[in-house]
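Since the structure comes first, as structure tokens, the remarks are kept for the end.
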Amino acid sequence: MFCTSNPLLVFTFVFSAALGAIGCRDKPDARQDRTVAAPTKVINKDSTLKALNSAVLQHLKNKDYTQLRTLIHPKEGVLVSPYGFVDTSDYVAIFADDIVAKSQKSDSFYWGAYDGSGDSISLSFADYFAKFVYNADFLNAEKMSVNKMIGSGNSLNNLQTVYPGCDFTENYFSGFDKKYEGMDWCTLRLVFKMYNDRYYLVALVHDQWTI
């Protein structure tokens with residue numbers, strides 16, 4: 001989960017069909033790197049991250065996991081967290097080669113624990129992503145930021161501790177129904193890590209008001 005930070009090296013993706021060969025196994029440290037895309041230097045890191053943020057959100061909105069898989073870290077996969085506190089002792093990571101098949105299954109999977117009750121989150125891929133990933137139109141979020149936290153509630157946000165040196169984007173809604181007085185806010189943070197001179201998606205961290 002750790003990231004190296006080098007502000008002088010900023011790259012953007014060259015989207016290539018060759019990325020379809022990203023290899024995965026069950027353990028991150030056992031995965032083989034078969035990516036062949038050539039990196040392209042850019043001047044503005046924020047612009048690069050904003051473009052990647054839009055690309056990921058567009059694929060999530062369209063449920064296009066074939067395209068999303070090309071953006072997932074080829075060794076670590078993408079961690080999914082239902083809340084702002086990333087539980088490093090009990091987390092789920094989805095690897096690039098698995099995401100398309102998993103998205104097509106109706107089986108329920110374990111995704112962590114519900115806030116408050118501590119009950120297991122047991123949902124299908126589609127139901128989990130609808131509830132704890134793309135539960136709002138984050139592509140057209142009320143606010144968007146790069147490497148700056150927006151949403152905050154009554155739970156610990158440990159993203160920068162878990163991913164030191166990584167870059168992240170945040171897509172935030174302050175609320176939807178006035179009667180809740182902002183307690184129905186929600187946000188989606190995308191964490192990117194540099195690997196082989198490219199940014200890859202390593203985490204989808206959903207956050208909302210918790211008990």
Side-chain angles (χ1 to χ4, degrees), residues 1-3 46 49-50 52-61 63 65 68 71-73 76-94 99 109-193 199-211:
M1 295 181 188
F2 300 101
C3 302
D46 282 10
L49 291 168
K50 287 178 181 178
L52 288 172
N53 180 74
S54 294
V56 171
L57 294 178
Q58 187 69 67
H59 299 328
L60 289 171
K61 183 174 184 175
K63 299 181 176 61
Y65 302 111
L68 182 63
L71 308 183
I72 294 173
H73 196 289
E76 297 183 16
V78 57
L79 174 147
V80 292
S81 178
Y83 304 109
F85 180 80
V86 179
D87 189 345
T88 57
S89 66
D90 184 25
Y91 67 90
V92 174
I94 306 173
I99 192 166
F109 301 99
Y110 175 77
W111 301 94
Y114 283 105
D115 169 70
S117 69
D119 294 339
S120 294
I121 299 175
S122 181
L123 297 169
S124 67
F125 182 100
D127 288 345
Y128 179 85
F129 270 59
K131 184 177 180 65
F132 288 114
V133 180
Y134 206 84
N135 66 304
D137 188 13
F138 291 116
L139 186 61
N140 297 295
E142 179 183 331
K143 294 181 181 179
M144 182 268 174
S145 66
V146 175
N147 290 325
K148 180 181 179 182
M149 296 291 177
I150 306 175
S152 63
N154 55 341
S155 64
L156 178 65
N157 177 343
N158 65 342
L159 185 148
Q160 290 173 302
T161 301
V162 176
Y163 293 100
C166 280
D167 294 286
F168 68 93
T169 58
E170 178 159 352
N171 305 273
Y172 170 81
F173 285 102
S174 60
F176 303 94
D177 192 325
K178 290 183 178 180
K179 71 180 181 182
Y180 294 116
E181 299 181 338
M183 293 181 69
D184 57 342
W185 69 271
C186 66
T187 198
L188 182 64
R189 301 183 183 105
L190 313 183
V191 184
F192 297 97
K193 180 176 181 178
Y199 276 121
Y200 286 97
L201 181 69
V202 289
L204 292 167
V205 181
H206 176 268
D207 204 358
Q208 63 184 48
W209 183 264
T210 52
I211 298 172

Plane angle bin for F109 and W111 - parallel if under 30°, tilted between 30 and 60°, otherwise perpendicular = perpendicular
CZ of F129 to CG of L204: how many Å apart, nearest 0.5 Å?
-> 6.0 Å
Working to the nearest 0.5 Å, report the span between CG of L123 and NZ of K131.
-> 7.5 Å
How long is the gap from OH on Y128 to NE2 on H206, to the nearest 0.5 Å?
-> 8.5 Å
Is there a donor-acceptor pair under 3.5 Å between the side chain of Y134 and the backbone N or O of L188?
-> no
Y180 atom OH, neighbour heavy-atom count above 12 within 6.0 Å = no
Tell me, please, which residues at least two apart from N53 pass side-chain hydrogen bond (donor to acceptor under 3.5 Å, both in side chains).
-> T169, N171
Taking ring-ring contact (aromatic ring centres under 6.0 Å, His included) as the test, write out the residues that go with F176, two or more places apart.
-> F173
Residues in ring-ring contact (aromatic ring centres under 6.0 Å, His included) with F168, at least two apart?
-> none
Could you grab the distance from atom CG of D46 to atom CG of N147, nearest 0.5 Å is fine?
-> 7.0 Å
Approximate separation, where rounding is to 0.5 Å, of C166 SG and L190 CG | 12.5 Å
Report the residues that fulfil side chain to side chain contact (heavy atoms under 4.5 Å, CB included) with S122, sequence neighbours left out, ordered by chain and then residue number.
-> S108
K61, NZ: over 12 other non-hydrogen atoms inside 6.0 angstrom = yes
To the nearest 0.5 Å, tell me how far M144 CE sits from L139 CG.
-> 10.5 Å
Residues in side chain to side chain contact (heavy atoms under 4.5 Å, CB included) contact with T187, at least two apart in sequence or another chain | E170, Y172, W185, R189, D207
Does the Y163 side chain pair with the main chain of V191, one donor and one acceptor, at a distance under 3.5 Å?
-> no
N158 side chain vs V86 backbone, donor-acceptor pair below 3.5 Å | yes
Output yes when a side-chain donor or acceptor of E142 lies under 3.5 Å from a complementary backbone atom of S174, and no otherwise.
-> yes
Sorted by chain and number, sequence neighbours left out, side-chain hydrogen bond (donor to acceptor under 3.5 Å, both in side chains) with Y114 holds for none
